[in-house]
2 protein chains.
Amino acid sequence: MRAFTEYQTQNLILQTMKKSEATRLMILQKAFELIYAKGYQTTSIDDIIATTKVTKGAFYYHFKTKDEMGLAIINELLKPQLTAGFIAPLQNNENPLDAIYQLMQHLLLENDFLKVEYGCPAANFTQEMTPWHSDFSLALHEITQLWHTHIIAAIEKGQQNGQIRPDVNAQSVTIFVMSSYWGIRNFGKLENSKTMYIPYLKELKSYLDSLR
Amino acid sequence: MRAFTEYQTQNLILQTMKKSEATRLMILQKAFELIYAKGYQTTSIDDIIATTKVTKGAFYYHFKTKDEMGLAIINELLKPQLTAGFIAPLQNNENPLDAIYQLMQHLLLENDFLKVEYGCPAANFTQEMTPWHSDFSLALHEITQLWHTHIIAAIEKGQQNGQIRPDVNAQSVTIFVMSSYWGIRNFGKLENSKTMYIPYLKELKSYLDSLR
DNA sequence: CAAAAAACATACTAGTTAGTATGTTTTTTG
DNA sequence: CAAAAAACATACTAACTAGTATGTTTTTTG
């Protein structure tokens, strides 16, 4: 009987935590969608509570300020997405150059977390927040570094395996590749079309082949 | 006597037009600096009239709305800057690949219209405005196209001169180069440092050399 | 099951925003 | 030089903003 009560209590805590956590996560996800689509400044708390259908009290119970929510989006949504969608694919492939190309192709043409018309979430945040909010800079810098580190590692591994020329500078290549990715997403956003992605990928392939 | 009066009158008109035009231009320039530094949304009309020291009445005499001013910044400031700083340098150089490299180097390291911590003005506008303002998209698309067209032309000319391999796809290269430029500016903005520009330029050079 | 804490709900506020109404001054014109 | 138009100035407003004060309901705990 006592064991049952304990179990029951535990269960209740779990369920409660789950429900509260679920609300929090739901707010983060819907808020992200709004911000990804419209921008951070132009997405108001009222917008968020309208689409999430939580009240202002509930929102401010979960997040002290709007910026705290913004940071939570970066740390709790974008970071995991980066790990799963941008880094993991680099690891299980024989040839890092192929892996990089396939990753880019997937990110640009197939990934349905990312929308062409909205650009790159991290780049959007960078553009909008960096000038006046150092906490955001820091968080964004962190996830950027993370990607950076893993691309470099992949290239260096390729050099050790003799798949990439030894005179290639892994860091330069990484920065060049990352830049081109950010840029093409900006392009896609401006044109609101994936048209540019095709020639971009074509040239990326040529470039990567030149490193073999 | 009559001739003198006519001259005097003409002169007054000229001076007046000049003064009015000067005010308008001054507003545009100061507003651009603010927006370039802080973003469009976070720059209020009150900010602008405070730094320009024109009154609200004067501001709204020159611009019907804030967005009209934003478009004027793109069309009357960014567009000429693009022509002078991004396109003209491509034309007076023997080798287009050298011209492209030198242009990028100049834009990233020497141009003092552009600041590393603020990124690329056109990219900033694109990120912030494109989702919800088609007039801005159009204006930005126009200046992007302009740069695009001239880079392609330079590369094709290089191919005719035998300076660039004939199997190179001029459009793909252009998109790749433009993307990398936008991306590296985003990088610089995030890191608030030109550090990344050096390896970027190094790799850009390698890449461009591979097209010879 | 009572007390307490967690989770949510409602009504408000103080500040900011773009834009306007209504002036005055300066310049132009016949 | 008088009338009119251009250029600027001041005071306001209505809508929106993030955030708060003060609840109520739901859940947890001893």
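Bear in mind that the values here come from a model prediction, so they are computed numbers and not experimental data. The chains referred to below are lettered A, B, ... by the order of the sequence lines, with proteins before strands, and numbering in each begins at 1.
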Item to check | Step-by-step side chain to side chain contact (heavy atoms under 4.5 Å, CB included) determination, B:I35 to B:M69 | outcome: CA-CA 11 Å; B:I35 290 167; B:M69 182 211 60; 3.9 Å; yes
Checklist entry - Nearest to the side chain of A:I45, which nucleotide is it out of C:dA18, D:dA18, C:dC8? => result D:dA18
Next on the checklist: Is there a side-chain contact between B:T65 and the phosphate of C:dA18, meaning an N or O under 4.0 Å from OP1 or OP2?
Outcome noted: no
Checklist entry - Would you call the rings of A:F125 and A:Y40 parallel, tilted or perpendicular if under 30° counts as parallel and over 60° as perpendicular? => result tilted
Next on the checklist: With hydrogens left out and only the distance checked, is there a donor-acceptor pair under 3.5 Å joining B:K56's side chain and the base of C:dG19?
Outcome noted: yes
Checklist outcome for this item: Assert: residue with more 5' nearest nucleotide on DNA chain D, out of A:D47 and A:K64, is A:D47
Item to check | Interatomic distance, A:I49 CD1 vs C:dA11 P [rounded to whole Å] | outcome: 12 Å
Checklist entry - Do the ring planes of B:Y181 and B:W147 sit parallel (below 30°), tilted (30 to 60°) or perpendicular (above 60°)? => result perpendicular
Checklist entry - Which ones in residues 34-43 of chain B lie close to DNA chain D, meaning a heavy atom under 4.0 Å from one of its atoms? => result none
Checklist entry - How many Å lie between CD1 on B:I48 and P on C:dT17, as a whole number? => result 11 Å
Checklist entry - If you measure from CG on A:L109 to CG on A:L114, what distance do you get to the nearest 0.5 Å? => result 11.5 Å
Next on the checklist: What I want to check is whether the side chains of B:Y207 and A:E203 have a donor and an acceptor closer together than 3.5 Å.
Outcome noted: yes
Checklist entry - When the aromatic ring centroids of A:Y200 and A:F187 are compared, is their separation below 6.0 Å? => result no
Next on the checklist: Below the 4.0 Å mark, does C:dC8 have OP1 or OP2 next to a side-chain nitrogen or oxygen of A:T23?
Outcome noted: yes
Checklist entry - Nearest 0.5 Å, what's the OG1-CZ distance between B:T52 and B:F59? => result 8.0 Å
Checklist entry - Taking OP1 and OP2 of D:dA6, is either one under 4.0 Å from a side-chain nitrogen or oxygen of B:H62? => result no
Checklist entry - If we only count heavy atoms from C-beta on, is the A:K38 to A:D47 side-chain gap below 4.5 Å? => result yes
Checklist entry - If you pin B:V54 and A:G57 to their nearest nucleotides in DNA chain D, which one's is more 5'? => result B:V54
Checklist outcome for this item: Only one of B:T126, B:L190, B:N124 passes side-chain contact (heavy atoms from CB on, under 4.5 Å) with A:Q127, and that residue is B:N124
Checklist entry - Would you call the rings of A:F113 and A:F32 parallel, tilted or perpendicular if under 30° counts as parallel and over 60° as perpendicular? => result parallel
Checklist entry - Is the shortest side-chain N/O distance from A:T55 to OP1 or OP2 of C:dT10 below 4.0 Å? => result no
Checklist entry - Starting at CZ of B:F63 and ending at P of C:dT20, how long is that distance when rounded to a whole Å? => result 16 Å
Item to check | Spacing of B:K66 atom NZ relative to C:dG19 atom C1', expressed in whole Å | outcome: 12 Å
Checklist entry - Which one, C:dA9, C:dT17, C:dT20, comes nearest to the side chain of B:Y60? => result C:dT20
Checklist entry - Which stems, defined as runs of 3 or more consecutive Watson-Crick or G-U wobble pairs with both pairing distances under 3.5 Å, involve DNA chain C? => result C:1-30 with D:1-30
Item to check | Interatomic distance where CZ belongs to A:R24 and P belongs to C:dC8 [whole Å] | outcome: 12 Å
Item to check | Interatomic distance, B:D46 CG vs D:dT13 P [rounded to whole Å] | outcome: 16 Å
